[in-house]
Amino acid sequence: MENIMPTVFVTGANRGLGFEHVRQYSEKNWEIIACSRKPEQSKELLELKDQFPKNISIEKLDVTNFDEITALSEKYHEKPIDILINNAGTLGPKGVPEGMGYQNIEHMDYEIWRDILEVNLLAPFKVATAFYNQIAMSKKKILIMMSSDLGSVQQNNFGGLYSYRASKAGLNILSKGMSIDWTDITVIALAPGWCKTHLGGEEAEVDPDVSVTEQQIMFESISPNDSGKFLDRFGNEVPW
């Protein structure tokens with residue numbers, strides 16, 4: 001009997017929102033391609049694979065290594081990917097609030113800024129273009145670009161976080177452009193909320209499992225007419 005499980009591809013799957021997507025889709029009996037920079041050190045992800053061995057494939061992927069991205073795309077060149085979640089991202093070596101210290105108007109660490117742009121902007125473009133064909137051959141045809149409310153120009157009312165904000169505003173531009181160039185798939189820039197992850201910090205408002213539950217409900221409700229939109233986890237439009 002042909003395997004008819006939907007397939008989701010997740011970058012940055014070893015922790016935070018990425019890990020939670022893997023966990024919840026496993027419980028829904030989806031097929032998951034879970035990407036991690038250092039799989040051998042991804043203890044929780046490896047334990048989850050032991051629990052759902054038929055559902056989860058763990059792949060080594062450093063999203064800043066474009067050769068690895070190309071090779072992985074070639075490995076899965078005949079695999080339809082229903083939802084690709086371009087989730088891997090960084091605020092730099094520290095999360096909130098410490099990470100605010102090296103990207104403000106009085107003190108900018110330009111090396112960290114370059115790293116943030118590499119992970120948050122160049123890498124998701126490379127991943128999306130490398131796996132476009134696999135998304136296009138699937139049933140759902142959804143590309144999720146994990147953005148942030150901090151990427152909204154209109155909602156920037158306290159300044160700071162220049163490096164991270166710039167990377168996510170840039171990601172929004174990529175998402176919009178892809179929705180124009182790729183009319184056969186649905187491209188969404190997603191603001192998941194301020195989540196209690198390594199990046200978001202302990203003061204954040206939303207638990208990752210709650211955000212991901214709401215995200216996955218939203219993924220099932222979006223249509224091709226939503227392509228090119230900047231949405232929150234409930235499916236409401238976020239101002240650019």
Side-chain angles (χ1 to χ4, degrees), residues 8-12 16-18 20-21 63 81-91 96 99 103 113 116-129 131-132 135-136 138 140-197 199-200 204-206 208 210-240:
V8 61
F9 182 103
V10 186
T11 64
L17 297 178
E20 195 58 41
H21 273 296
V63 294
I81 294 173
D82 290 276
I83 303 178
L84 190 149
I85 305 175
N86 237 330
N87 168 75
T90 184
L91 192 83
V96 175
Q103 51 179 300
W113 195 349
I116 289 172
L117 291 175
E118 186 79 25
V119 174
N120 292 1
L121 191 57
L122 277 68
F125 183 88
K126 175 62 177 176
V127 169
T129 53
F131 285 90
Y132 158 71
I135 301 168
S138 73
K140 294 183 181 293
K141 305 179 191 295
I142 295 174
L143 170 60
I144 300 296
M145 304 286 269
M146 194 65 76
S147 186
S148 168
D149 289 297
L150 293 170
S152 167
V153 175
Q154 185 173 330
Q155 292 187 158
N156 185 354
N157 53 19
F158 61 87
L161 287 165
Y162 283 88
S163 307
Y164 186 76
R165 286 186 189 274
S167 71
K168 293 301 185 180
L171 187 76
N172 290 348
I173 285 289
L174 300 186
S175 303
K176 180 63 176 180
M178 288 171 176
S179 74
I180 296 167
D181 284 324
W182 294 336
T183 56
D184 53 344
I185 70 172
T186 301
V187 186
I188 300 294
L190 173 64
W194 184 19
C195 298
K196 292 179 182 176
T197 61
L199 190 154
E205 301 167 341
V206 187
V210 174
S211 174
V212 166
T213 296
E214 291 160 348
Q215 289 177 47
Q216 292 187 4
I217 291 171
M218 186 268 282
F219 295 167
E220 295 303 312
S221 68
I222 58 177
S223 73
N225 291 333
D226 294 313
S227 192
K229 293 181 180 179
F230 184 16
L231 302 177
D232 67 15
R233 65 189 187 276
F234 304 108
N236 303 313
E237 289 199 56
V238 179
W240 296 108

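This structure is a prediction, so every number in the text was calculated from the model and none was measured.
Across every non-hydrogen atom of D232 and V238, the tightest pair is N-CG2, 3.5 Å. Closest of all the heavy-atom pairs between R165 and G159 is NH2-O, 3.2 Å. Taking every heavy atom of both residues into account, R233 and S211 meet most closely at CD-OG, 3.7 Å. Summarising the geometry of I142 relative to I135, their closest heavy-atom pair is N-CG2, 3.7 Å, with the distance given to 0.1 Å. Considering all non-hydrogen atoms of both residues, A88 and T11 come closest at N-OG1, 2.9 Å.
The closest donor-acceptor contact from the side chain of D149 to the backbone of A191 lies at 3.5 Å or more, if one exists at all. Judged by distance alone, with hydrogens and angles left aside, the side-chain atoms of S163 form no donor-acceptor pair with the main-chain N or O of W113 at under 3.5 Å.
Distance check: T90 OG1 to E118 CD gives 12.0 Å after rounding to the nearest 0.5 Å. Rounding to the nearest 0.5 Å places CG of L231 at 8.0 Å from CG of N236. Here the CD atom belonging to E214 is positioned 7.0 Å from the CD1 atom belonging to I217, to the nearest 0.5 angstrom.
The side-chain hydrogen bond (donor to acceptor under 3.5 Å, both in side chains) check on Q216 picks up H21, K28, with sequence neighbours excluded. Here T183 pairs with nothing under the side-chain hydrogen bond (donor to acceptor under 3.5 Å, both in side chains) rule; sequence neighbours left out. Shown here are the ring-ring contact (aromatic ring centres under 6.0 Å, His included) partners of Y164, two or more places apart in sequence or in another chain: there are none.
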Evaluate the criterion side-chain contact (heavy atoms from CB on, under 4.5 Å) for residue pair I188 and M145; output intermediate values, then yes/no.
CA-CA 6 Å; I188 300 294; M145 304 286 269; over 6 Å; no
With side-chain contact (heavy atoms from CB on, under 4.5 Å) as the criterion, how do Y132 and L143 come out once you've worked through the C-alpha distance, each side chain's angles and the decisive distance to 0.1 Å?
CA-CA 9 Å; Y132 158 71; L143 170 60; over 6 Å; no
Please test M178 against D181 for side-chain contact (heavy atoms from CB on, under 4.5 Å), starting from the C-alpha separation and ending with a verdict.
CA-CA 5 Å; M178 288 171 176; D181 284 324; 5.8 Å; no
List the steps and the verdict of side-chain contact (heavy atoms from CB on, under 4.5 Å) for F230 and S152.
CA-CA 9 Å; F230 184 16; S152 167; 4.2 Å; yes
Side chains of residues 121-128: which donor-acceptor partners sit under 3.5 Å, not counting sequence neighbours?
| unit_1 | atom_1 | unit_2 | atom_2 | d |
| --- | --- | --- | --- | --- |
| K126 | NZ | T70 | OG1 | 3.2 |

Pair up each side-chain donor or acceptor in residues 220-229 with any protein partner under 3.5 Å, not counting sequence neighbours, and list the distances.
| unit_1 | atom_1 | unit_2 | atom_2 | d |
| --- | --- | --- | --- | --- |
| E220 | OE1 | K140 | NZ | 3.1 |
| S221 | OG | M218 | O | 2.8 |
| S223 | OG | N225 | N | 3.3 |
| D226 | OD1 | K229 | NZ | 3.0 |
| D226 | OD2 | S223 | N | 2.8 |
| S227 | OG | V187 | N | 2.9 |

Let me have the donor-acceptor pairs involving side chains of residues 168-177, under 3.5 Å, with sequence neighbours excluded, atom names and distances please.
| unit_1 | atom_1 | unit_2 | atom_2 | d |
| --- | --- | --- | --- | --- |
| K168 | NZ | M146 | O | 2.7 |
| N172 | OD1 | S147 | OG | 2.7 |
| S175 | OG | L171 | O | 3.0 |

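Considering only heavy atoms from C-beta on, T186 stays 4.5 Å or farther from K141 through its side chain. Between T129 and W182, the closest side-chain pair of non-hydrogen atoms falls below 4.5 Å. Using a 4.5 Å cut-off on side-chain heavy atoms (C-beta onward), V8 and I81 make no contact.
Using cut-offs of 30° and 60° for the angle between ring planes, the F9 and F131 rings count as tilted.
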